[in-house]
Amino acid sequence: MAKYSLKTRSPKPAVDLQRDLNPQQRAVVEAPAGKILVLAGAGTGKTRTLTYRVAKLVAGGCQPERIMLVTFTNRAAREMVHRVESLLTIDMRRSASGTFHHVGNRILRRYGEAVGLGPDFGILDPEDARDLMGSVVSELGMAVLTSKRFPDARVLTKIASQAAGMLGTIPAVIERRFTRFLDLVAPIDKVLADFKERKRRLNMVDFDDLLSYWLELLRDPKHASVAEQLRGQWDHMLVDEYQDINVLQGAIIDEMARDHGSLTCVGDDAQSIYSFRGADFSQIYDFRIRHKEAQVLPLTINYRSTPQILSLANRSIARNREQHPKELTAVRKPGATPALIPLRDVIQQGELVAQRVLELHHEQSLPLRKMAVLYRNHAHSLELQVELTRRNIPFAVRSGVRFFEQRHIKDVVAYLRARENPRDALAWLRLLRLWPGIGNRTAERVASVLAGEFDAFGRRLPVPAGPPAPVPEVLAAESKQAKGRAKDALVTLAKLFDRLLEAGGRNPGRAIEIIVHEHYADYAERSFENADARKEDLDNLANYAGRWEDATEFLSELALIEGISAENVVMGDEPDDKLVLSTIHQAKGLEWPVVFVLWLVDGRFPSSQALRANAELEEERRLFYVATTRAEDDLYLLYPTIEEGRRGPTTVLRPSRFLTELDHDPPVYERWEIEEVPPEEEG
DNA sequence: CGTTCCTCTCTTTTT
DNA sequence: GAGAGGAACG
């Protein structure tokens with residue numbers, strides 16, 4: 001992606017540590033290069049502190065490209081890079097900044113050959129990984145695999161992912177987290193080994209591989225010289241959101257920092273909310289065990305929220321046993337008491353939020369973008385979305401279906417993937433099936449030949465499969481074998497690929513235009529009711545892709561970028577000022593003057609799964625803590641009291657235990673009563 | 001073999 | 001309210 005920033009030869013930092021930082025923050029910024037763990041509460045200026053530490057390093061003569069700055073989420077990464085760049089007017093593009101996965105991707109593009117990856121390896125998104133797993137299972141054709149009790153492809157990828165994340169074996173993961181499959185350890189192990197092999201054949205990696213191979217480069221004695229080169233490229237390592245890393249990431253961090261020893265990690269154990277994907281917040285405690293010499297520095301002064309909001313948050317998190325007891329201190333003046341609002345049902349919950357948003361917007365001139373509605377999972381926001389649409393309140397959903405995970409986007413992207421990495425059988429399969437006359441059978445045969453997995457006689461080829469055959473030639477040959485509509489389709493497809501491989505088609509944006517123009521527009525007309533909207537999406541995608549010169553880079557970006565919701569990208573002419581709707585996970589690190597939290601009902605938030613185990617309940621409470629600490633001035637906690645079953649009876653809902661457990665003196669919230677205004681008095 | 005239409009299942013959270 | 005998988009038809 002094109003990114004611009006001004007660059008000065010000698011960075012002149014507009015940095016004044018005395019003026020800009022409090023003593024706790026200054027202690028972090030000024031600590032000599034070494035092992036540092038910063039325990040930073042919500043809203044205590046964590047990003048600011050880390051940014052200034054980078055500034056200090058650069059001011060001290062360190063080249064930005066010799067700093068590695070990694071975080072867990074895209075958002076945090078972008079925020080961090082942006083703030084460093086604006087503070088220092090330097091270009092951080094050369095530095096290794098971004099999510100672990102981005103940095104891993106960059107490193108493997110360059111050094112992946114050592115672990116057997118071609119330079120144009122593709123990245124499997126979770127859906128692809130699941131499909132691939134499914135085909136591995138069905139190809140193995142073992143009897144156990146078809147039994148009802150055998151884990152499905154999604155669960156299998158989960159097991160593989162957990163094993164990668166905790167640096168454990170498959171049996172160990174099953175023993176720890178999937179005991180119901182204990183008697184299936186051997187076949188599961190076999191399937192996952194095949195899955196790994198299959199990824200290699202396809203020259204593809206999944207998200208976990210981006211990190212696993214990175215660690216392999218650092219640890220395996222076979223790659224000692226690569227490891228040395230890697231370590232030698234950076235002098236300092238800084239890690240944000242340390243509470244959300246897993247064992248694998250922890251190991252990478254330690255290995256990367258081994259020689260230079262300059263490692264600054266920032267995190268808040270109270271905000272660890274990703275254990276479901278292997279984040280292991282004991283990492284943050286083990287840090288001091290692994291690095292005995294590490295300095296531990298606290299940040300506890302909260303600049304964000306009113307004391308009222310903080311007392312609520314403090315009281316809630318204090319109920320967690322697994323935590324560092326710490327109180328956030330408020331510096332802001334007292335404000336409004338958080339509101340607890342019971343509603344009749346979800347409909348009323350949506351109405352009330354919409355109404356309150358409008359009141360604040362019109363009566364207090366608060367822009368919509370200064371307000372956010374947070375919820376446990378995206379389904380919780382549906383009724384609200386309906387109500388907001390009805391009242392014409394613009395909103396942006398920061399969750400839901402990802403733009404690039406929609407079918408039409410993935411279809412078109414499959415062409416790019418196939419062009420960049422012809423061994424990507426999944427992409428071939430996907431795009432072949434779009435053609436009339438080509439069904440599963442034909443698609444599978446042609447895809448495996450194109451991918452070089454099999455020769456034309458159905459014999460499995462060894463890996464590496466030699467130089468890939470020219471795609472148009474293979475397609476032409478296959479078309480001769482086919483008949484009827486499939487024949488026509490393959491002939492047309494061969495021509496399309498000729499065009500895609502021409503120089504003009506190299507640019508990803510241009511390539512997408514060709515694909516849509518030559519094929520997909522027709523397909524969309526035939527297949528979708530909302531073909532126009534989808535074609536518009538594809539125009540936007542072509543535009544977006546046009547910013548990259550190199551399609552492989554574009555594809556990596558697309559796979560690793562955070563979920564831009566469809567709404568966010570698609571609409572071109574919408575107002576800037578929009579109410580924010582977000583899952584709590586996606587809201588981490590952000591703040592708004594006004595925050596609404598929806599669906600505070602036992603079984604929803606905390607979720608019913610979490611009610612079963614205490615460790616999970618504590619994680620949910622941390623999530624609640626994250627939600628409440630997003631609010632600066634006003635916090636509204638809402639819950640419906642009854643739910644009308646679609647088919648079944650109406651049920652009475654219990655308010656979330658995260659609310660009732662706070663209900664003692666002095667009160668931390670104020671209960672609001674809702675009275676319906678008769679229609680004639682409205683207005 | 002390919003297509004279409006039906007039912008069933010799911011929905012934590014993200015890279 | 002979507003996606004996967006199965007059944008039945010062309």
Side-chain angles (χ1 to χ4, degrees), chain A residues 70-77 98-105 123-127 129-131 134 138 152-155 157-158 161 164-165 205-212 241 244-246 248-249 271-279 374-382 385-386 398-402 404-407 410 432-445 482-486 489 526-529 556-565 582-589 599 603-611 616 619-620 622-624 626-627 646:
Chain A
V70 286
T71 72
F72 175 72
T73 58
N74 278 296
R75 169 165 301 137
T99 63
F100 281 98
H101 294 86
H102 271 111
V103 176
N105 177 51
I123 299 175
L124 291 164
D125 71 23
E127 198 192 338
R130 196 193 56 209
D131 290 349
S138 61
D152 68 12
R154 181 178 297 175
V155 176
T157 52
K158 217 172 189 171
S161 185
V205 301
D206 60 25
F207 287 172
D208 298 313
D209 293 331
L210 289 172
L211 307 182
S212 299
E241 314 212 64
D244 286 325
I245 63 164
N246 57 30
L248 168 59
Q249 288 162 327
Q271 294 188 68
S272 170
I273 54 176
Y274 285 104
S275 73
F276 66 89
R277 63 167 293 289
L374 308 182
Y375 37 83
R376 178 71 181 84
N377 71 54
H378 30 251
H380 289 171
S381 72
L382 294 181
Q385 292 190 36
V386 171
R398 318 201 68 137
S399 61
V401 185
R402 295 165 172 224
F404 55 84
E405 279 179 2
Q406 298 172 91
R407 172 181 291 178
K410 292 201 71 169
L432 283 163
R433 278 198 283 238
L434 299 173
W435 293 80
I438 299 182
N440 268 338
R441 199 72 182 213
T442 314
E444 265 168 36
R445 180 174 50 84
K483 44 187 185 290
R485 293 197 295 168
R526 273 185 285 121
S527 317
F528 303 119
E529 282 173 53
S556 308
E557 187 67 23
L558 205 60
L560 296 176
I561 202 171
E562 89 185 275
I564 313 163
S565 81
S582 172
T583 63
I584 299 166
H585 281 89
Q586 296 221 33
K588 197 167 72 153
W599 264 113
R604 305 305 169 92
F605 188 13
S607 73
S608 48
Q609 286 105 320
L611 289 174
E616 285 182 47
E619 173 142 326
E620 296 276 305
R622 291 193 292 272
L623 199 56
F624 180 65
V626 169
R646 271 177 307 183

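Every value quoted in this text rests on a predicted model; they were computed, and no experiment measured them. Proteins come first, then strands; the chains are lettered A, B, ... in the order of their sequence lines, and each starts at number 1.
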Regarding the side chain of A:R154, the nearest nucleotide among B:dT14, B:dC10, B:dT15 is B:dC10
Residue set satisfying salt bridge (charged side-chain N to carboxylate O under 4.0 Å, His left out) with A:D244, at least two apart, ordered chain then number -> A:K588
Per-residue pairing states of DNA chain C in dot-bracket (Watson-Crick or G-U under 3.5 Å; . unpaired, | other strand) read ||||||||||
Quick check: do A:F100 and A:L248 have side-chain heavy atoms less than 4.5 Å from each other? no
I need the CD1-P distance between A:I584 and B:dT13, as an integer number of Å. 11 Å
Calculate the interatomic distance between A:L248 atom CG and B:dT15 atom P; express it in whole Å. 16 Å
Find every protein N or O atom lying less than 3.5 Å from an N or O atom of nucleotides 3-5 of chain C, and list the pairs.
{"from": "C:dA4", "atom 1": "OP1", "to": "A:R130", "atom 2": "NH2", "distance (Å)": "3.4"}

When you measure from the side chain of A:T583, which nucleotide among B:dT15, B:dC1, B:dT13 comes out closest? B:dT13
How close or far is atom P of B:dT14 from atom NZ of A:K158, stated in whole angstroms? 13 Å
Report the distance from atom CZ of A:R433 to atom P of B:dC1, rounded to the nearest whole Å. 15 Å
Checking B:dT15, B:dT11, B:dT13 against the side chain of A:P126 (C-beta onward), the nearest is B:dT15
Give me the distances for all protein-to-nucleotides 7-9 of chain C N/O pairs that come in under 3.5 Å?
none

List the residues meeting side-chain contact (heavy atoms from CB on, under 4.5 Å) with A:A164, not counting sequence neighbours, and say none if there are none. A:D208, A:S212
Nearest nucleotide by nearest heavy atom, which residue falls closer to the 5' end of DNA chain B, A:L623 or A:A486? A:A486
If I take atom OH in residue A:Y375 and atom C1' in nucleotide B:dT11, what distance separates them, rounded to the nearest angstrom? 14 Å
B:dT13 P sits how many Å from A:Y274 OH, rounded? 11 Å
Provide, to the nearest angstrom, the distance between the CG atom belonging to A:L374 and the C1' atom belonging to B:dT13. 13 Å
Taking the side chain from A:Y375 and the backbone from A:I584, do they hold a donor-acceptor pair closer than 3.5 Å? no
If you assign A:T99 and A:T442 each to the DNA chain B nucleotide with the nearest heavy atom, which residue ends up on the more 5' nucleotide? A:T442
With sequence neighbours left out, what residues match A:R130 under salt bridge (charged side-chain N to carboxylate O under 4.0 Å, His left out)? none
